[in-house]
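Order of appearance sets the numbers: ligands from 1, and atoms from 1 within every ligand.
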Amino acid sequence: MAQSGVHFSRRTPSDLRVNRIAAVRHHLPPPLDLTVSNPTRVDIPYPRDLLAALADPEGLVYRPHPRGLAAARRAVAQDLGRWGGAVDPERILLTASTSEAYSFLFKLLCEAGDTVLVPAPSYPLFEHLARLEGITAHPYRLDPESGWRVDLSSLEALPRARAVVVVHPNNPTGSLVCAEDREALVSRCAERGWALIADEVFLPYPLGEELLLESFVTESRVLTFTLGGLSKRLGLPQLKLAWIVTSGPAPLVGEALERLELIADSFLSVATPVQLALPSLLAGGRPVAAAIRARCQHNLSCLGEILAHHPTLSLHPPAGGWSAVLRIPSVIAEEELVVELLRRDGVGVHPGYFYDFPSEGYLVVSLLPRPDLFAEGVRRLAQRLEALL
Ligand SMILES: Cc1ncc(COP(=O)(O)O)c(C=O)c1O
């Protein structure tokens, strides 16, 4: 029997077709893929017994806590101590991923139809995560001329804005929220009643001169939620564990935590074995994080060396993270170049417009690929551009 009249909500888009670049990649998967973001597929050495603690027989008993098991939260607090000073485990709530953390925070802070301010360029998933919660992600601008500082004039006083998101270091620009911008953002939040959401998934991955990047976890002046997770912290996205650290004025923190606990209690989405294993994972996973950091640093310096011979391409040096942004001359549209590289050179890169850059003329490369593949991919990209000049 055919059924008619079923309604699908606008939280998912009506046009589900893949974009042109994805369609080309589907037919021509690039052997030199400079878009990989999955650290488990790029020959990073993981200790063979890293996941042994997941088999702890304690995991046979189900005794959930909506904020996450106390020992797991203590392990996160201890790990975070490295960046932000002492963190009270009672201010930590575990989620299955940072994406889930966003969804909990949007439920906590927004009515349907409200707005959160998100940086542009940045992580493209914001729009989607916001839409799934029935809210809007409204961009504020990061300025390329000033090393991606916040353009304060674009932080609009929208009547239904509830929160401002910072990504620190930002994906894909690798830029940090500098001390001056942090002050300005905090005072805007205080004046306008916005919460501050600081996505720090890439904080453990400095690439520039500053080796220990400063965290928002101790921000006490406005209601602040700082996010991190195993996906980037230990290069283990498949374990599905992330965290929200709440800070700010005490009465607001208390109420936010109680309400967040209620949201988390409705899902109880973090598996018990990964919570039990967390202290051992955070200790045993250090060599993995070190290997990822060394890989990104190595590929970044190799990128610098290759570009020194190819002045057609210039680099916006990242301060942290797993990616780099290249400026290309305006001889070809980003999308055409990306398709050319796939078809003729077997090289995969992302066009800037995927990340909402302020204009055409940007490419984004991942710093994760195996060094030989990375170097060859960048060389072919530079040669292709030179051939177009
Ligand atoms: C800035 C940023 N935040 C969050 C995430 C997602 O992390 P998770 O796997 O914990 O959802 C990513 C993934 O690339 C990211 O780039």
Side-chain angles (χ1 to χ4, degrees), residues 33-42 44 68 72 76 79-80 92-106 116-130 132-133 137 139-140 142 148 163-177 196-207 213 215-217 225-245 264 267 269-271 274-275 278 281-282 285 288-289 292 296 318-325 350 352 354-357 364-369:
D33 190 1
L34 309 189
T35 70
V36 276
S37 58
N38 180 346
T40 68
R41 306 292 299 275
V42 289
I44 293 287
V76 173
D79 190 54
L80 290 173
I92 294 175
L93 181 128
L94 303 183
T95 63
S97 64
T98 323
S99 292
E100 187 180 66
Y102 279 113
S103 105
F104 285 8
L105 292 173
F106 295 164
V116 289
L117 295 156
V118 300
S122 194
Y123 183 45
L125 207 63
F126 290 136
E127 200 180 317
H128 188 60
L129 291 172
L132 286 173
E133 297 302 326
Y140 67 89
L142 302 181
W148 309 110
V164 58
V165 174
V166 295
V167 183
H168 175 70
N170 189 31
N171 171 9
T173 58
S175 48
L176 303 171
V177 181
L196 182 59
I197 301 175
D199 180 332
E200 295 190 348
V201 296
F202 289 113
L203 204 71
Y205 295 94
L207 290 169
L213 308 179
S215 167
F216 280 79
V217 279
F225 302 97
T226 305
L227 314 184
L230 290 190
S231 150
K232 305 293 184 287
R233 176 71 187 95
L234 299 181
L236 291 169
Q238 70 274 41
L239 291 197
K240 309 310 295 178
L241 187 143
W243 47 86
I244 303 172
V245 185
F267 296 90
S269 50
V270 195
V274 71
Q275 296 188 58
L278 193 59
L281 289 166
L282 284 166
V288 179
I292 295 175
C296 291
W322 293 1
S323 55
V325 172
H350 279 319
F354 273 15
Y355 299 84
D356 207 4
F357 274 79
V364 174
V365 294
S366 165
L367 296 171
L368 287 180

Name each N or O atom in ligand 1 that is under 3.5 Å from a protein N or O, and give the partner atom and the distance.
unit_1: ligand 1; atom_1: 3 (N); unit_2: D199; atom_2: OD2; d: 2.6
unit_1: ligand 1; atom_1: 7 (O); unit_2: T98; atom_2: OG1; d: 3.3
unit_1: ligand 1; atom_1: 9 (O); unit_2: S231; atom_2: OG; d: 3.0
unit_1: ligand 1; atom_1: 10 (O); unit_2: T98; atom_2: N; d: 2.8
unit_1: ligand 1; atom_1: 10 (O); unit_2: T98; atom_2: OG1; d: 2.5
unit_1: ligand 1; atom_1: 11 (O); unit_2: T98; atom_2: N; d: 3.2
unit_1: ligand 1; atom_1: 11 (O); unit_2: S99; atom_2: N; d: 3.1
unit_1: ligand 1; atom_1: 11 (O); unit_2: S99; atom_2: OG; d: 3.3
unit_1: ligand 1; atom_1: 14 (O); unit_2: K232; atom_2: NZ; d: 3.0
unit_1: ligand 1; atom_1: 16 (O); unit_2: N171; atom_2: ND2; d: 2.7

Decide yes or no on side-chain hydrogen bond (donor to acceptor under 3.5 Å, both in side chains) for D199 and Y102, but give the supporting numbers first. CA-CA 9 Å; D199 180 332; Y102 279 113; 2.6 Å; yes
Under 4.5 Å between any side-chain heavy atoms of T40 and I44, yes or no?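 Heavy-atom side-chain distance check fails, nothing below 4.5 Å.
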Taking side-chain hydrogen bond (donor to acceptor under 3.5 Å, both in side chains) as the definition, give me every residue that meets it alongside D79, ordered by chain and number, with sequence neighbours left out.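 Partners of D79 by the side-chain hydrogen bond (donor to acceptor under 3.5 Å, both in side chains) criterion, ordered by chain and then number, come out as R233.
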Do any side-chain atoms of residues 234-244 form donor-acceptor pairs under 3.5 angstrom with protein atoms, and if so which ones, sequence neighbours left out?
none

Is the side chain of E200 donor-acceptor paired with the backbone N or O of S215 at a distance under 3.5 Å, no angle test?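 Checked: no pair found.
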Residue list, ring pair (Phe, Tyr, Trp, His ring centres under 6.0 Å) with Y123, at least two apart or on another chain: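 Partners of Y123 by the ring pair (Phe, Tyr, Trp, His ring centres under 6.0 Å) criterion, ordered by chain and then number, come out as F126.
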